[in-house]
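Following: one structure in structure tokens, then a few remarks.
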Amino acid sequence: MSKVVLRGFGWRHAGRRAWAVRDVDLEIQHGERVLLLGPSGAGKSTLLAALAGLLPEDSGESAGTVRIDGLDPRAARDRVGIVFQDPQTQLVMARSGDDVAFGLENRGVPAAGIWPRVSDALDRVGFPYPITRPTAALSGGEAQRLALAGVLALRPGLLLLDEPTANLDPAGADLVRDAIVRGSGEHTLILVEHRVAEALPLIDRVVVLEPGGGVRADGAPEMIFAAYGDRLAADGVWVPGFAIPPLKSPVAVTEEVCRAEQVAAGQRLAPVSMRVGAGEVLAVTGPNGAGKSTLALLLGGLLAPTGGSIRAFGDDKPPHRWRATDLTRRIGSVFQNPEHQFVTTRVADELAVGPRRLGRPAAEIAETVDALLDRLRLTRLAQANPYTLSGGEARRLSVATALATAPRLLVLDEPTFGQDRRTWIELVTLLATLRDEGHAVVAVTHDDDFVQALADRTFPLGSPRLPDPLPRRRPS
């Protein structure tokens with residue numbers, strides 16, 4: 001277990017005027033389990049990266065000091081394990097078991113001890129595949145479990161988790177939380193999590209970051225939420241007992257905009273049939289690995305099916321064979337990982353890509369960009385590099401890029417990921433408005449609050465197509 005001390009810590013990304021996080025004074029004792037809260041953009045992920053020693057000196061400006069057991073974080077990396085918001089960024093090997101073993105091999109663990117630890121870590125997070133499973137074939141939620149297994153196998157003194165259950169189905173989220181509880185005596189824990197009610201059994205302390213700098217609140221969970229709960233909620237911080245009135249459509253759907261008939265994608269998606277109507281929000285739900293993200297890519301015209309057919313807007317051609325301008329005008333897609341769709345180095349430029357591709361006038365493009373920046377609370381970030389945004393900010397930017405061309409069909413993969421309470425409400429309200437204006441919205445989601453508040457229909461996909469299980473042994 002490790003002790004954490006921050007004194008006046010701050011970090012500003014290169015080229016940014018505002019600090020991502022500033023003036024943080026904090027001590028976390030050996031074995032404490034801390035829930036780190038704050039509005040989107042308050043610097044939670046940046047603080048975790050600093051503790052993991054992952055903020056390069058040439059990529060920004062730092063202030064104050066950070067110490068892990070008295071050491072600079074870069075000298076204490078062997079004591080720290082971190083799971084990022086985007087777990088795909090930390091998978092490095094082609095096979096799942098090798099990926100978990102990679103860190104152990106780098107730490108010099110004797111060969112005889114590596115594979116038992118790999119097996120134990122995979123079992124703890126409920127990883128459903130043999131160790132030979134290709135990492136490239138994993139869904140986002142499955143990659144999240146594998147990344148956590150790789151960190152748990154290292155048995156770090158300080159465990160840093162950035163929304164570890166965000167892309168997991170309920171069963172997977174329960175397994176991950178159980179793994180955290182069972183390992184609670186092994187490490188100091190700092191957890192960033194928006195599912196606050198579910199996280200409370202895991203932690204014994206809450207720390208709330210102030211967006212302008214410093215620590216706003218620090219103490220036992222029951223004390224923090226009793227004393228500050230209403231004010232924190234008003235400022236966008238997730239608190240227990242969150243609820244929003246349903247925003248279901250009052251109008252029955254009549255016009256069909258898209259239909260899939262027994263569409264399939266190899267081993268990634270078993271044949272499914274579905275229809276999407278104008279003026280409805282359709283939530284695609286189901287366990288990790290069932291093919292939800294693959295279905296989203298098919299509906300968005302970004303992947304060719306291996307079987308069945310998709311037709312949309314009365315076009316004889318399937319969406320994946322449309323011209324780029326037709327696809328951009330008709331269908332907007334938001335990927336599970338926002339960074340995968342960014343193509344420029346400025347937020348404002350990112351929003352202009354789609355309208356410019358459609359040949360719209362410069363004045364109209366500028367008006368569209370300004371309106372979306374304001375609507376999704378991104379105005380202060382207009383000149384920022386998209387790759388320096390927080391997870392929640394990057395998600396809002398990815399949604400804004402899909403909205404920029406006003407498509408009649410929106411296909412969104414985990415649209416509420418990384419949002420604070422305020423931006424979650426604003427995003428859900430925005431999608432409800434678009435739905436009421438006649439747009440069709442398909443949302444892949446594990447967010448039950450989103451489903452309960454907004455979905456007019458749900459389309460549950462079945463269980464993932466798992467290969468026969470193999471022993472958790474060293475691959476040949």
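Please read these numbers as outputs of a predicted model, since none were measured by experiment.
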Between [X] (side chain only) and [Y] (backbone N and O only), is there a donor and an acceptor less than 3.5 Å apart?
X      : Y      : value
Thr328 : Gly354 : no
Ser273 : Gln262 : yes
Asn337 : His340 : no
Asp349 : Thr344 : no
His439 : Pro407 : yes
Asp169 : Asn288 : yes
Ser96  : Arg133 : yes
His446 : Gly286 : yes
Ser249 : Glu280 : no
Arg79  : Leu158 : no

### Task
I would like to know whether Glu32 and Thr188 meet side-chain hydrogen bond (donor to acceptor under 3.5 Å, both in side chains); could you show each step before the answer?
CA-CA 5 Å; Glu32 280 196 291; Thr188 304; over 6 Å; no
Do [X] and [Y] make a side-chain contact, defined as non-hydrogen atoms from C-beta onward lying under 4.5 Å apart?
X      : Y      : result
Pro460 : Thr285 : yes
Asp178 : Asp174 : no
Pro164 : Leu191 : yes
Val100 : Ile131 : no
Val109 : Arg117 : yes
Pro73  : Val80  : no
Thr423 : Arg395 : no
Arg457 : Met274 : no

Considering all heavy atoms of both residues, which atom of [X] and which atom of [Y] are nearest to each other, and what is their separation?
X      : Y      : result
Thr46  : Leu55  : O-CD1, 4.0 Å
Leu138 : Glu142 : CA-OE1, 3.4 Å
Gln88  : Gly140 : NE2-CA, 4.3 Å
Leu104 : Ile114 : CD1-O, 3.7 Å
Gly462 : Ala290 : O-CB, 2.9 Å
Val399 : Val334 : CA-CG2, 3.7 Å

### Task
Show your reasoning for whether side-chain contact (heavy atoms from CB on, under 4.5 Å) applies to Leu146 and Leu122.
CA-CA 7 Å; Leu146 183 63; Leu122 291 171; 3.7 Å; yes
Which value, rounded to the nearest 0.5 Å, describes the distance between [X] atom [atom1] and [Y] atom [atom2]?
X      : Y      : atom1 : atom2 : result
Leu434 : Thr429 : CG    : OG1   : 11.0 Å
Ile28  : His30  : CD1   : NE2   : 12.0 Å
Leu37  : Ile224 : CG    : CD1   : 9.0 Å
Ile310 : Leu298 : CD1   : CG    : 4.5 Å
Leu282 : Arg435 : CG    : CZ    : 12.0 Å
Leu299 : Asp413 : CG    : CG    : 11.0 Å

### Message
I'd like to know whether Leu403 forms a side-chain contact (heavy atoms from CB on, under 4.5 Å) with Leu430, so could you lay out the CA-CA distance, the side-chain angles of the two residues, the decisive distance to 0.1 Å, and finally the verdict.
### Response
CA-CA 10 Å; Leu403 297 177; Leu430 171 60; 3.5 Å; yes
### Task
Take Thr388 and Asn385 through the test side-chain hydrogen bond (donor to acceptor under 3.5 Å, both in side chains) and record every step on the way to the result.
CA-CA 6 Å; Thr388 66; Asn385 188 314; 5.4 Å; no
Test: [X] and [Y] ion pair at under 4.0 Å:
X      : Y      : value
Glu193 : Arg177 : no
Asp326 : Lys317 : no
Arg195 : Asp449 : no

### Task
Could you walk me through whether Gln85 and Glu163 pass side-chain hydrogen bond (donor to acceptor under 3.5 Å, both in side chains), step by step?
CA-CA 6 Å; Gln85 259 185 350; Glu163 298 202 51; 3.2 Å; yes
### Query
Partners of Arg259 by side-chain hydrogen bond (donor to acceptor under 3.5 Å, both in side chains), sequence neighbours excluded?
Glu256, Glu261
#### Entry: Arg396 side chain to Ser40 side chain, donor-acceptor N/O pair below 3.5 angstrom
yes
### Asp204: salt bridge (charged side-chain N to carboxylate O under 4.0 Å, His left out) partners, not counting sequence neighbours
Arg33
### Task
Could you label the plane-to-plane angle of the Trp424 and Trp238 rings as parallel, tilted or perpendicular, counting under 30° as parallel and over 60° as perpendicular?
perpendicular
### Of Arg377, Arg375, Arg421, Gln419, the residue whose pairing with Glu426 passes side chain to side chain donor-acceptor pair (under 3.5 Å)
Arg377
### Message
I'd like to know whether Arg268 forms a side-chain contact (heavy atoms from CB on, under 4.5 Å) with Leu303, so could you lay out the CA-CA distance, the side-chain angles of the two residues, the decisive distance to 0.1 Å, and finally the verdict.
### Response
CA-CA 12 Å; Arg268 297 165 63 181; Leu303 180 68; 4.1 Å; yes
### Query
Stepwise, does the side-chain hydrogen bond (donor to acceptor under 3.5 Å, both in side chains) test hold for Asp99 with Thr135?
CA-CA 8 Å; Asp99 200 84; Thr135 53; 5.6 Å; no
#### Entry: Stepwise side-chain contact (heavy atoms from CB on, under 4.5 Å) check, Gln90 with Val83
CA-CA 8 Å; Gln90 64 192 101; Val83 176; 4.2 Å; yes
### Query
Within a radius of less than 6.0 Å around CZ of Arg107, do more than 12 heavy atoms belonging to other residues, nucleotides or ligands occur?
yes
